Amino acid sequence: PKKFPVVVSTWPFIEAVRAAWRSVDKGSSAVEAVVEGCSACEELRCDGTVGPGGSPNENGETMLDALIMDGVTMEVGAVAAMRYVKDGIRAAWLVMKHSQHTLLAGEGASAFAISMGLPGPMNLSSPESLKKWLDWKENRCQPNFRKNVVPANGCGPYKPKHGGMDVSTESCEMGTIEYRLIPLVGPHNHDTISMAVIDKMGHIAVGTSTNGATFKIPGRVGDGPIAGSSAYADDEVGGCGATGDGDIMMRFLPCYQVVESMRQGMKPEQAAKDAVSRIARKFPDFVGAVVAVDKNGSHAGACHGWTFQYSVRDPNMDDVQVFTVLP
Ligand code: SD4
């Protein structure tokens, strides 16, 4: 049976995988297919959270992180905390194609993307992201990413608890307020597509696009644009994509770990589990997942703190299949 092409993506982002598949099945390179797949997710605002219009930061603004990596040349292009430009993965691709840099951040990333022809500057907020932000602002004891500081409103200090859905109480000057913790990164706030494609030639590329963690401090850069953290690829071995609490995950470069473990002989499942357990050992409360694919197209996922799903399309499937991984 034919092994290639193969498309693997975090979460049930079926239309994104179909878009990448259409591209790579027609003969596009793995890099081009990653761009098509991740762009589709940005346009569709997969899950309501990838791309523009989602995950407002503390100021109510959406900022994008994205990365693309070519496993043949080991070239990487990435943008971080990018404002005013909605096309995250295309901006990352332009950094890779038209600059000698690897990662552009903030205003510079936007200016470069616009100078290379992407539409902008534009507002990346949506009615949904603004509503989410206003609701959050109104909640006097808001979960947020600050720690060891007492907010001016008299609440807290709040301890971030990613992915929690439990009801919590906190004492404010107004009395005790009960609220549901909003999962800053959680099962219904996926935020991130990370995709690996093996093209017909057997070449592999990976990419990530995200609007990051909800209510992040402006300027925060997640794992999304960090090569080796949210994604990594090496043609000789395979590729990896990650999703979850980027502030924790980027300390471990889990996708680099997965690819290097596969290089040492681990199967995708073992490599994925090992990478996740290295993080969990130090941060038992972290929420995250990785999906690994080796150069032959074998794939597996591993997760911690939530149930993870990933999507696959290969020549032996009629359409995209979704795989569920339990923690
Ligand atoms: C981040 N990793 O910016 C992203 C968020 C995410 O599922 O993946 N959520 O931390």
Side-chain angles (χ1 to χ4, degrees), residues 9-13 16 38 41-42 45-58 61-67 78-83 88-89 92 103 105-106 109 124 129 132 143-145 160-165 182-196 206-232 240-256 258 272 275-276 279 283 285-291 301-311 325 327:
S9 165
T10 55
W11 304 116
F13 295 152
C38 292
C41 226
E42 291 167 0
R45 303 186 175 179
C46 278
D47 243 6
T49 57
V50 175
S55 300
N57 65 18
E58 277 189 348
E61 192 181 349
T62 300
M63 292 182 169
L64 304 182
D65 288 343
L67 165 117
V79 292
M82 184 173 72
R83 311 167 74 185
I89 195 76
L103 172 60
L124 302 188
S129 69
K132 201 170 180 184
N144 63 42
F145 280 96
K161 183 173 176 200
H162 302 175
M165 287 294 286
I182 302 167
L184 299 166
V185 171
H188 304 291
N189 183 20
H190 292 150
D191 290 318
T192 302
I193 181 166
S194 186
M195 174 178 272
V206 289
T208 300
S209 178
T210 180
N211 47 32
T214 311
F215 311 131
K216 62 190 171 187
I217 299 171
R220 180 262 193 185
V221 172
D223 57 334
I226 309 300
S229 192
S230 77
Y232 198 68
C240 168
T243 178
D245 182 348
D247 291 300
I248 301 294
M249 294 175 83
M250 69 193 295
R251 302 170 186 172
F252 294 81
L253 297 181
C255 277
Y256 179 78
V258 162
V276 166
I279 308 174
F283 296 96
D285 292 336
F286 105 99
V287 172
V290 300
V291 55
C303 59
H304 186 85
W306 61 7
T307 298
F308 175 54
Q309 289 186 303
Y310 68 95
S311 312
V325 186

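Not measured: the values here are computed from a predicted model. Read the numbers this way: they start at 1 and go in the same order the structure lists the ligands and their atoms.
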task = Check for a donor-acceptor pair, side chain of N57 on one end and backbone N or O of K216 on the other, with a separation under 3.5 Å.
result = no

query = So is there a nitrogen or oxygen of D247 less than 3.5 Å from a nitrogen or oxygen in ligand 1?
reply = no

request  = Grab the two heavy atoms, one from V291 and one from F308, that are nearest each other, plus how far apart they are.
outcome  = CB-CE2, 4.1 Å

query = When you measure from the side chain of S311 to the backbone N and O of W11, does any donor-acceptor pair fall under 3.5 Å?
reply = yes

remark   = Looking at T10, T208, T214, T192, the heavy atom closest to atom 8 (O) of ligand 1 belongs to T192

ask   = For atom 10 (O) of ligand 1, which of R220, M249, K216 has the closest heavy atom?
value = R220

key: C41 and its side chain to side chain contact (heavy atoms under 4.5 Å, CB included) partner, picked from T192, I193, T10, I89   = I193

request  = Can you sort out which atoms of ligand 1 are near W306, meaning under 4.0 Å from one of its heavy atoms?
outcome  = 7 (O)

ask   = ligand 1 and G244, any nitrogen or oxygen pair closer than 3.5 angstrom?
value = yes

key: Residue pair I248, I279: steps toward the side-chain contact (heavy atoms from CB on, under 4.5 Å) verdict   = CA-CA 8 Å; I248 301 294; I279 308 174; 3.6 Å; yes

remark   = ligand 1 atoms nearer than 4.0 angstrom to some heavy atom of T243 are 6 (C), 7 (O), 8 (O), 9 (N)

key: ligand 1 contacted by G224 (non-hydrogen, < 4.0 Å)   = no

query = For ligand 1, which atoms have a heavy atom of A213 less than 4.0 angstrom away?
reply = 3 (O)

query = atom 1 (C) of ligand 1: which of D223, D65, T210, V221 has the nearest heavy atom?
reply = D223

task = Under the side-chain contact (heavy atoms from CB on, under 4.5 Å) rule, what do D245 and F283 come out as? Steps first, then yes or no, please.
result = CA-CA 11 Å; D245 182 348; F283 296 96; over 6 Å; no

ask   = Do the ring planes of F286 and H304 sit parallel (below 30°), tilted (30 to 60°) or perpendicular (above 60°)?
value = parallel

request  = Could you tell me whether some N/O pair between G212 and ligand 1 is separated by less than 3.5 angstrom?
outcome  = no

ask   = Counting only N and O atoms by type, is there a donor-acceptor contact under 3.5 Å from the side chain of R45 to the main-chain atoms of P52?
value = yes

task = Could you establish whether F308 and ligand 1 come within less than 4.0 Å of each other, counting only heavy atoms on the residue side?
result = no

